[in-house]
Enquirer: 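Pasting in a structure now, in structure tokens, and then I'll have a few things to ask.
We use all heavy atoms of the structure for the numbers below, so side chains are in, but hydrogens, waters and symmetry mates are not. The chains referred to below are lettered A, B, ... by the order of the sequence lines, with proteins before strands, and numbering in each begins at 1.
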Number of protein chains: 2
Amino acid sequence: MKLQIGIVDDNDHISQQIAENLLLTDEVDIAFMASSGREALQWLNKHKNHPQLILMDIEMPGMNGIETTFRIKSEYEDVKIIMLTVFDNEANIFNAIKAGASGYLLKDEKLPVMLAAFTEVLEGGAPMSPAIAMKTMQMLIGGYKTDKQLLYNENQEELSRRELEILELMATGNNSAAIAGKLFISPSTVKKHIENIYRKLHVNSRVELLLWYQQS
Amino acid sequence: MKLQIGIVDDNDHISQQIAENLLLTDEVDIAFMASSGREALQWLNKHKNHPQLILMDIEMPGMNGIETTFRIKSEYEDVKIIMLTVFDNEANIFNAIKAGASGYLLKDEKLPVMLAAFTEVLEGGAPMSPAIAMKTMQMLIGGYKTDKQLLYNENQEELSRRELEILELMATGNNSAAIAGKLFISPSTVKKHIENIYRKLHVNSRVELLLWYQQS
DNA sequence: CAAAAAATACGCCTTTATGCGTATTGCACT
DNA sequence: AGTGCAATACGCATAAAGGCGTATTTTTTG
């Protein structure tokens, strides 16, 4: 039987695309696609045959990917989880690992890389052969400044699904017009969303926004 | 005797600041400060007592931090080198590790983290900022596509010292006016530099610039 | 159903950013 | 001495971004 995979992403378009790509390789089956953490948990509760692997978006409204990962791992520890994100945010990486994620891939990762990652994860996770990776894990698990994710959730008003979608497009280099084109909405609307995002995150430029996510 | 440290950074202001911070802890001595790779090598050639540890900026005009690291490690293999950078660029991480760097820290890392990193390195470990550690893991898990650093150097016209300086300021959220203020030059000049940077790197906005460096 | 939240959209105005041409000065290398 | 590059600086133009108010529709939720 092929590798069974679940996909959790609030953006149906993205999960659809990932699923299509994966199916083309003919090496995996898509067990389920969920567009929220709650949905994913419900699916797992209702079904007996769980996928071996779940691809989990981090940036989701409501229950985010990290919390979802934590809950899934508490109930079904055998399921491996790979986080998908467009941001390599420090606090997120740290929390994802603590929550039990086995891998952490950027969304724009190429297909072969993804497939290789699947194999590695299923073979017992961390291919930490070089000493560097060992140290890395030790440091991450051993004690990174935990104060960060507190701030992280306290200061932040939650972004809506649409806002997260726009945020991701901004973070991949799209200007307002391009975003409007891709989402089939007016540039005015995009600008308004961006305005709201800025207010919620206390930033006031695209660069600051990226820094907010990336530098921490 | 205290830990002897060398600092190599083309931006004297930054090395000065790092040095001051480190000296305040009263745990280290600054053996030397060099503002180029060549200078660092010359210092090492002229002196018998080498520092145990060198902090090395990656983004330097002329001989960059990676090449400098490689040369230092070929001649003086006992010296540990920690790379300092504002970017967690994949190709750089990969090449820095190949060149023999022991650690890889972001420049805005806090002092306690830095000191802990020093100890780790001297004990044979490999400290990294979590964001970078994750990139490393990705590369190890996913198999790193080595073609990237070729592109990296072919497509890229080399940035001048001033351009790198401005690049770093841009990458930390400064707008043109702020950069002008910090460098005591006219906003017009800053704009011209930015224009030149864009041309050299084939980008045309701040966000693209950040992506060029960060997403790889 | 009613209230709240989210998504949609415009207009107006100010500030920044971007692109291009031009020009001067100083320094390094030949 | 001359060439080339880096750094400095302006002006002019268009494009994009950012801030604020307002308003309608749709969706979610109690």
Side-chain angles (χ1 to χ4, degrees), chain A residues 10-13 35-39 59-63 156-171 173-212, chain B residues 10-13 35-36 38-39 59-63 156-212:
Chain A
D10 63 295
N11 187 328
D12 294 331
H13 185 255
S35 57
S36 75
R38 209 167 301 279
E39 228 177 83
E59 293 89 13
M60 291 191 294
M63 194 193 303
Q156 180 194 166
E157 283 185 64
E158 230 177 56
L159 297 186
S160 73
R161 168 180 306 215
R162 197 54 150 177
E163 284 163 353
L164 284 170
E165 201 171 359
I166 283 171
L167 173 52
E168 290 191 15
L169 287 169
M170 292 175 76
N174 293 279
N175 65 18
S176 303
I179 296 174
K182 290 182 183 176
L183 298 183
F184 306 105
I185 57 180
S186 147
S188 309
T189 308
V190 174
K191 284 175 69 179
K192 177 54 76 180
H193 280 306
I194 292 175
E195 200 183 317
N196 293 333
I197 292 171
Y198 284 0
R199 186 174 29 69
K200 287 185 181 178
L201 302 186
H202 309 294
V203 300
N204 45 47
S205 79
R206 276 157 150 85
V207 174
E208 279 180 41
L209 185 64
L210 259 73
L211 293 176
W212 193 92
Chain B
D10 63 295
N11 186 328
D12 294 330
H13 186 255
S35 58
S36 76
R38 209 166 301 277
E39 226 177 86
E59 292 89 13
M60 292 192 294
M63 194 193 303
Q156 183 195 164
E157 285 186 65
E158 229 178 58
L159 298 185
S160 73
R161 168 180 306 215
R162 198 52 150 179
E163 284 162 354
L164 284 169
E165 200 171 0
I166 285 170
L167 173 52
E168 290 192 15
L169 287 169
M170 292 174 79
T172 47
N174 294 278
N175 65 17
S176 303
I179 296 174
K182 290 182 185 177
L183 298 183
F184 306 106
I185 57 181
S186 147
S188 309
T189 307
V190 174
K191 285 172 70 180
K192 178 51 77 180
H193 281 306
I194 292 174
E195 203 183 315
N196 293 332
I197 292 171
Y198 284 1
R199 186 175 30 71
K200 288 186 181 178
L201 302 186
H202 308 294
V203 299
N204 45 45
S205 78
R206 276 156 150 85
V207 174
E208 279 180 40
L209 184 65
L210 260 72
L211 292 176
W212 192 91

Enquirer: Would you kindly give the CG-to-C1' distance between B/N196 and C/dT18, to the nearest whole Å?
Expert: 13 Å

Enquirer: What is the separation between atom NE2 on B/H202 and atom P on C/dT18, rounded to the nearest whole Å?
Expert: 17 Å

Enquirer: Once you round it to whole Å, what is the distance between C1' of C/dA6 and CZ of A/R199?
Expert: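 Interatomic distance, CZ of A/R199 to C1' of C/dA6: 12 Å.
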
Enquirer: Please pick, from D/dA7, D/dG18, C/dA9, the nucleotide with the shortest atom-to-atom distance to any side-chain atom of A/K191.
Expert: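 When the side chain of A/K191 is considered, D/dG18 is the closest of D/dA7, D/dG18, C/dA9.
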
Enquirer: For B/L169 versus B/T172, what's the shortest heavy-atom pair and its separation?
Expert: O-OG1, 3.0 Å

Enquirer: Picking from C/dA7, C/dG19, C/dC10, which would you name as closest to the side chain of A/K192?
Expert: C/dC10

Enquirer: Rounded to the nearest Å, what distance is computed from the CD atom of residue B/E195 to the P atom of nucleotide D/dC12?
Expert: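 Roughly 16 Å, once rounded to whole Å.
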
Enquirer: Look at the side chain of A/H193 and decide which nucleotide, out of D/dA17, D/dG18, C/dT8, has an atom nearest to it.
Expert: C/dT8

Enquirer: Under a 4.5 Å cut-off applied to non-hydrogen side-chain atoms, are B/E59 and B/L167 in contact?
Expert: no

Enquirer: A/E165 CD to C/dT8 P: how many Å, rounded?
Expert: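 That distance rounds to 9 Å.
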
Enquirer: In whole Å, I'd like the distance from the CG atom of B/D10 to the C1' atom of D/dA6.
Expert: 14 Å

Enquirer: Any side-chain N or O of B/S186 under 4.0 Å from OP1/OP2 of D/dC10?
Expert: yes

Enquirer: How many whole angstroms separate atom CG of B/N175 from atom C1' of D/dA16?
Expert: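 From B/N175 CG to D/dA16 C1': 15 Å.
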
Enquirer: Does the side chain of B/S176 come under 3.5 Å of the side chain of B/R206 through a donor N or O and an acceptor N or O?
Expert: yes

Enquirer: For B/T189, answer base if it contacts any base atom (sugar-phosphate contacts may also be present), sugar-phosphate if it contacts only those atoms, and nothing otherwise; contact means non-hydrogen atoms under 4.0 Å.
Expert: base

Enquirer: Measure from the side-chain heavy atoms of A/R161 and tell me the nearest of C/dA7, D/dC10, D/dG18.
Expert: C/dA7

Enquirer: Can you give me the closest heavy-atom contact between B/E163 and B/N196, atom names plus distance?
Expert: OE2-CB, 3.6 Å

Enquirer: Determine: side-chain N/O of A/S176 to OP1/OP2 of D/dA17, distance under 4.0 Å, yes or no.
Expert: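 So the side chain of A/S176 is within the cut-off, an N or O lying under 4.0 Å from OP1 or OP2 of D/dA17.
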
Enquirer: Which heavy atom of B/S186 sits nearest to which heavy atom of B/A180, and what is that distance?
Expert: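 Scanning both residues, the minimum pair turns out to be C-CB, 4.0 Å.
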
Enquirer: Give a yes/no on whether any side-chain N or O of A/R206 is located under 4.0 angstrom from OP1 or OP2 of D/dG18.
Expert: yes

Enquirer: Is the phosphate of C/dA7, meaning OP1 or OP2, less than 4.0 Å from a side-chain N or O of A/S160?
Expert: yes

Enquirer: Determine: side-chain N/O of A/S188 to OP1/OP2 of C/dA9, distance under 4.0 Å, yes or no.
Expert: no

Enquirer: For the pair made of OH in A/Y198 and P in D/dA16, what is the distance, rounded to whole Å?
Expert: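 In whole Å, D/dA16 P lies 15 Å from A/Y198 OH.
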
Enquirer: From C-beta outward on A/R162, which listed nucleotide comes closest to its side chain: C/dA7, D/dA17, C/dA17?
Expert: C/dA7

